[in-house]
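Worksheet: one structure, shown below.
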Amino acid sequence: MKFAVIMFPGSNCDIDMFHAVEEAVGEEVEYVWHNDTNLDRFDAVLLPGGFSYGDYLRPGSIAHFSPIMSAVKKAAEEGKPVLGVCNGFQILLESRLLPGAMRRNENLHFICKTVPLRVENPDTMFTNQYQKSDEIYIPVAHGDGNYYCDEETMTALKDNNQIVFTYVNNTNGSRENIAGITNKAGNVLGMMPHPERAVEDLLGSADGKKLFASIVKQWREKHAITT
């Protein structure tokens with residue numbers, strides 16, 4: 001399986017994401033610059049955290065005009081796994097690959113700490129290695145992580161089981177404690193916490209490793225790969 005890590009000017013979690021794939025789950029991974037336009041050779045796409053284009057205007061609002069985003073949308077339409085973490089989540093929202101919007105943290109402070117999350121939906125290609133209601137510990141580091149959506153969108157998220165992770169203790173004021181959601185098809189996941197920073201005990205938690213292992217498991221089963 002081959003992963004792409006998309007790099008925008010201002011990405012700063014790309015190396016962590018690369019490490020999580022290469023070292024934690026032992027799969028092939030390659031950096032892809034934001035000016036590239038083709039992702040056909042990849043099986044999964046990862047949008048890392050950071051401050052793309054300095055987060056000017058709004059986080060992710062400029063990045064979603066990058067040439068690579070047409071290829072990201074094409075990969076999503078083809079059903080490939082697309083994961084956006086932190087700034088990557090914000091870019092997916094701005095690109096309308098995921099519903100809703102991101103606001104400043106409720107306390108208007110940048111938050112950087114490890115927090116407990118609850119697994120709400122273990123039946124996705126990103127969470128099949130977890131159990132429902134598992135409590136996992138994943139770092140957060142953001143100033144704009146307060147997820148918001150209108151009532152109609154919230155109803156749809158619940159009806160379609162698109163809410164994947166919630167904060168045990170609402171960290172930033174997000175509606176319904178939401179920390180991560182998928183698209184309706186289930187192959188695009190956006191989350192503010194950083195699973196790539198929690199893939200080995202040396203980092204303080206290895207709870208994020210199962211997310212990457214879930215992607216690999218789903219892909220291997222789909223392609224009938226047993227070795």
What pair of heavy atoms forms the shortest contact from [X] to [Y], and how long is it?
X: Arg118; Y: Ser133; answer: CG-CA, 3.9 Å
X: Gly50; Y: Cys13; answer: N-SG, 4.4 Å
X: Thr171; Y: Ile111; answer: O-CD1, 3.1 Å
X: Ser95; Y: Met69; answer: OG-CE, 3.3 Å
X: Cys86; Y: Gly49; answer: CB-CA, 4.1 Å
X: Asp43; Y: Pro81; answer: O-CD, 3.1 Å

Step-by-step side chain to side chain contact (heavy atoms under 4.5 Å, CB included) determination, Ile163 to Met154: CA-CA 9 Å; Ile163 300 172; Met154 180 58 70; 4.2 Å; yes
- Report the C-alpha separation of Cys149 and Leu157 in whole Å, then their side-chain angles, then the decisive distance to 0.1 Å, and conclude whether the side chain to side chain contact (heavy atoms under 4.5 Å, CB included) test is met. CA-CA 10 Å; Cys149 65; Leu157 290 176; 4.1 Å; yes
Indicate yes or no: at least one non-hydrogen side-chain atom of [X] is less than 4.5 angstrom from one of [Y].
X: Pro9; Y: Trp33; value: yes
X: Gln90; Y: Glu94; value: no
X: Val168; Y: Tyr137; value: no
X: Lys158; Y: Glu176; value: yes
X: Asn87; Y: Phe8; value: no
X: Lys2; Y: Glu27; value: no
X: Leu39; Y: Ile6; value: yes
X: Ile215; Y: Phe126; value: yes

Hey, are [X] and [Y] close enough for a salt bridge, meaning a charged N less than 4.0 Å from a carboxylate O?
X: Arg58; Y: Asp144; result: no
X: Lys217; Y: Glu221; result: yes
X: Arg41; Y: Glu28; result: no
X: Glu23; Y: Lys209; result: no

Same cluster for [X] and [Y] if Ile/Leu/Val/Met/Phe/Trp/Tyr side chains link at under 4.5 Å?
X: Phe65; Y: Val82; answer: no
X: Met17; Y: Leu202; answer: no
X: Tyr148; Y: Leu97; answer: no
X: Leu108; Y: Met102; answer: no
X: Met125; Y: Ile136; answer: yes

Measure the [atom1]-[atom2] distance between [X] and [Y] for me, rounded to the nearest 0.5 Å.
X: Ile138; Y: Leu203; atom1: CD1; atom2: CG; value: 10.5 Å
X: Asp207; Y: Glu200; atom1: CG; atom2: CD; value: 13.0 Å
X: Ile68; Y: Leu47; atom1: CD1; atom2: CG; value: 9.0 Å
X: Ile91; Y: Leu98; atom1: CD1; atom2: CG; value: 12.0 Å
X: Lys132; Y: Thr127; atom1: NZ; atom2: OG1; value: 10.0 Å
X: Ser52; Y: Asn12; atom1: OG; atom2: CG; value: 10.0 Å

Is [X] atom [atom1] crowded by more than 12 heavy atoms from other residues, nucleotides or ligands, each under 6.0 Å away?
X: Phe110; atom1: CZ; value: yes
X: Glu152; atom1: CD; value: no
X: Glu78; atom1: CD; value: yes
X: Lys184; atom1: NZ; value: no

Taking [X] for the side chain and [Y] for the main chain, is one N or O donor matched with an acceptor at less than 3.5 Å?
X: His223; Y: Trp219; answer: yes
X: Asn121; Y: Asp123; answer: yes
X: Asp55; Y: Phe51; answer: no
X: Tyr130; Y: Leu211; answer: yes

Go through the steps for Arg175 and Glu151 under the test salt bridge (Lys or Arg N to Asp or Glu O under 4.0 Å), then give the verdict. CA-CA 10 Å; Arg175 281 204 68 176; Glu151 288 297 333; 2.8 Å; yes
- Task: Check the pair Val115, Asn169 against side chain to side chain contact (heavy atoms under 4.5 Å, CB included), reporting the backbone distance first and the verdict last.
- Result: CA-CA 8 Å; Val115 300; Asn169 305 303; over 6 Å; no
Item checked: All side chain to side chain contact (heavy atoms under 4.5 Å, CB included) counterparts of Ser214, not counting sequence neighbours ->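 Partners of Ser214 under the side chain to side chain contact (heavy atoms under 4.5 Å, CB included) test: Asn128, Gln129.
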Query raised in the report: Partners of Ser174 by side chain to side chain contact (heavy atoms under 4.5 Å, CB included), sequence neighbours excluded?
Result: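 Expected list: Asn146, Tyr147, Tyr167, Asn170, Asn172.
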Quick one: side chains of residues 186-197, donor-acceptor pairs under 3.5 Å with protein atoms, not counting sequence neighbours, listed by atom name and distance.
residue, atom, partner, partner atom, Å
Asn187, OD1, Asn183, ND2, 3.0
Asn187, ND2, Ala76, O, 2.9
Asn187, ND2, Lys80, O, 2.9
His194, ND1, Glu196, OE2, 2.6

TODO: Might you work through the side chain to side chain contact (heavy atoms under 4.5 Å, CB included) test for Val25 and Val199, ending with a clear yes or no?
DONE: CA-CA 9 Å; Val25 294; Val199 294; over 6 Å; no
Would the His34 and Tyr53 ring centres measure less than 6.0 Å apart?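 Yes, the ring of His34 comes within the 6.0 Å limit of the ring of Tyr53, centre to centre.
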